[in-house]
Amino acid sequence: MQTSCKKGLCLAFLFSFMFLSGWQIAKMKNDHTVNTMAVLKQAENWGLGFGTEGTQPTGNVTAEELKQYNAYYVGDKEKKVIYLTFDCGYENGNTEPILDALKKHNAKATFFVVGHFLETAPEIAKRMVAEGHTVGNHTYHHPDMSSISDMTSFQKEVDDVAALFKEITGTEMAKYYRPPQGKYSTENLKMAQELGYQTFFWSLAYVDWNVDAQPTKEEAFNKLLTRIHPGAIVLLHSTSQTNGEILDELLTKWEEMGYEFRPLSELSAKEA
């Protein structure tokens, strides 16, 4: 009897141990998943995946997920509208040809500027405003904003460039924010939202930023014509000589494909 009870107790203990071990393993796996997700939320690089020609790409965050932070990367997939945006890190003689092409096509764009651009090219910033373009915030020093975790530092980066823009142009900078290098975190998106900003990523870009290895006209068209899609937020760099040289022809080709150009204000107003 005692032997039988001892065997029963041993079996019960063994079963309990196995159950607890399985639970603990499952918990460890869950904890690992949660921790991995937390890391992913801490810092991301904006990325895109392209499918069939003429269709919208997928982002590493969906448009619906971004909306909760007043953030966007693409517009209506049913409308052949393009939102032109330019990142302006510094001025090297290519922004004015870009402005000339935009003026010729009566296309309004958004220029995301940093402090250095405003310091060295204030007259071009004034021209942007005079010709009806929008100027947005690309931060003062163009840092990796995903590494900034406190609101004070985040706010200083955007406030300083907005203050300099107002000093130069006498107008308020649009509350549009683009993360430098496309690096962001969930907390960054929240901070931008709390400061009243809308965050804009993009759904089409190409390697145009390396001034020492500029793409040829053919290489640029191969990317920008085959990957254009309804509701595209296009990111181009104003430092690109190629962009300055091809923009007039590029806009013409997009128009021939049935596209029209609209300001970001129309996109954000529709989604609000």
Side-chain angles (χ1 to χ4, degrees), residues 39-48 57 59-61 66 69-74 83-92 94-95 98 109-122 124-125 128 133-166 168 173-214 232-240 243 264 268:
V39 170
L40 289 175
K41 288 182 178 181
Q42 285 172 9
E44 288 273 11
N45 290 330
W46 181 248
L48 297 167
N60 53 355
V61 180
L66 287 175
Y69 306 109
N70 288 340
Y72 311 89
Y73 87 93
V74 72
Y83 304 95
L84 297 168
T85 72
F86 295 85
D87 284 3
C88 306
Y90 58 94
E91 178 51 34
N92 63 352
N94 294 302
T95 307
I98 287 170
T110 300
F111 291 87
F112 289 94
V113 302
V114 300
H116 183 274
F117 181 88
L118 293 175
E119 290 172 358
T120 58
I124 296 180
M128 291 172 180
H133 300 294
T134 301
V135 179
N137 203 314
H138 203 35
T139 74
Y140 203 94
H141 297 101
H142 201 264
D144 174 0
M145 295 293 278
S146 68
S147 66
I148 295 178
S149 57
D150 64 289
M151 175 62 92
T152 300
S153 299
F154 185 95
Q155 184 169 1
K156 181 172 175 54
E157 274 294 332
V158 294
D159 279 0
D160 284 356
V161 73
L164 180 56
F165 176 78
K166 185 175 182 179
I168 290 169
M173 175 174 275
K175 286 281 190 174
Y176 295 169
Y177 164 66
R178 172 163 284 162
Q181 307 170 65
K183 293 183 178 181
Y184 70 99
S185 68
T186 303
E187 288 307 309
N188 286 163
L189 297 179
K190 289 179 180 177
M191 286 188 279
Q193 184 179 33
E194 288 177 20
L195 293 173
Y197 281 87
Q198 294 172 306
T199 298
F200 290 95
F201 293 101
W202 57 89
S203 62
L204 177 58
Y206 79 118
V207 182
D208 64 346
W209 59 84
N210 186 348
V211 296
D212 297 320
Q214 280 290 284
I233 298 179
V234 178
L235 162 61
L236 300 172
H237 285 81
S238 67
T239 52
S240 168
N243 289 340
L264 283 179
S268 56

Novice: If we ignore hydrogens and angles and just use 3.5 Å, is the side chain of N137 paired with the main-chain N or O of V158 as donor and acceptor?
Specialist: yes
Novice: Below 4.5 Å, heavy atoms only, C-beta onward: do N94 and S240 meet side chain to side chain?
Specialist: no
Novice: Rounded to the nearest 0.5 Å, what separation is found between the CG atom of D159 and the CG atom of L164?
Specialist: 12.5 Å
Novice: Please report the shortest heavy-atom distance between P57 and S203, naming the atom on each side.
Specialist: CG-O, 3.3 Å
Novice: Between D208 and H237, is there a donor-acceptor pair closer than 3.5 Å when you use the side chain of the first and the backbone of the second?
Specialist: yes
Novice: Between Y73 and G59, what is the shortest heavy-atom contact and its length?
Specialist: OH-N, 3.4 Å
Novice: Heavy atoms only: give me the nearest G89-V114 pair and the separation to one decimal.
Specialist: O-CG2, 3.1 Å
Novice: May I ask you to decide if Q198's main-chain N or O and Q193's side chain share a donor-acceptor pair within less than 3.5 Å?
Specialist: no
Novice: Can you name the closest pair of heavy atoms from G136 and M173 and give their distance?
Specialist: O-CE, 3.7 Å
Novice: Quick check for you: to the nearest 0.5 Å, what is the distance between T95 atom OG1 and Y90 atom OH?
Specialist: 10.0 Å
Novice: Run the side-chain contact (heavy atoms from CB on, under 4.5 Å) check on F201 and L66 step by step: do they pass?
Specialist: CA-CA 10 Å; F201 293 101; L66 287 175; 4.0 Å; yes
Novice: For N243 and S238, indicate whether the former's side chain and the latter's backbone hold a donor-acceptor pair under 3.5 Å.
Specialist: no
Novice: Under the salt bridge (Lys or Arg N to Asp or Glu O under 4.0 Å) definition, can you give me all pairs with a residue in residues 141-157, not counting sequence neighbours?
Specialist: K156-D160
Novice: Nearest 0.5 Å, what's the CE-OG1 distance between M145 and T139?
Specialist: 5.5 Å
Novice: Would you please indicate yes or no on a ring centroid separation below 6.0 angstrom for F154 and Y197?
Specialist: no
Novice: To the nearest 0.5 Å, tell me how far M151 CE sits from K190 NZ.
Specialist: 11.5 Å
Novice: With sequence neighbours excluded, tell me which residues meet salt bridge (charged side-chain N to carboxylate O under 4.0 Å, His left out) with K166.
Specialist: E172
Novice: Answer whether the closest heavy-atom distance between the side chains of Y72 and Y83 falls below 4.5 Å.
Specialist: no
Novice: Could you give the distance from CE (M128) to OG1 (T110), rounded to the nearest 0.5 Å?
Specialist: 10.5 Å
Novice: About how many Å separate CG of L204 and CG of L235, when rounded to the nearest 0.5 Å?
Specialist: 8.5 Å
Novice: Would you call W202 and V234 a side-chain contact if the rule is heavy atoms closer than 4.5 Å?
Specialist: no
Novice: Is there a side-chain contact between Q181 and H142 in this structure, where contact means two heavy atoms from C-beta onward sitting under 4.5 Å apart?
Specialist: yes
Novice: Between Y69 and T199, is any pair of side-chain heavy atoms under 4.5 Å apart?
Specialist: no
Novice: When you compare the side chain of H138 with that of V113, does any pair of heavy atoms fall below 4.5 Å?
Specialist: no
Novice: Can you confirm whether F117 sits close enough to I124 that some side-chain heavy atom of one is under 4.5 Å from a side-chain heavy atom of the other?
Specialist: yes
Novice: So, for S146 and S185, which heavy atoms are closest and what is the spacing to 0.1 Å?
Specialist: CB-N, 4.2 Å
Novice: Tell me, do L264 and T134 make a side-chain contact under 4.5 Å, heavy atoms counted?
Specialist: no
Novice: Check ring pair (Phe, Tyr, Trp, His ring centres under 6.0 Å) between F111 and all other residues, then give those that pass, not counting sequence neighbours.
Specialist: F86, H133
Novice: Check the pair L189, E44 against side-chain contact (heavy atoms from CB on, under 4.5 Å), reporting the backbone distance first and the verdict last.
Specialist: CA-CA 11 Å; L189 297 179; E44 288 273 11; over 6 Å; no
Novice: Please give me the minimum heavy-atom distance between A125 and L118, naming the atom from each residue.
Specialist: CB-CD2, 3.8 Å
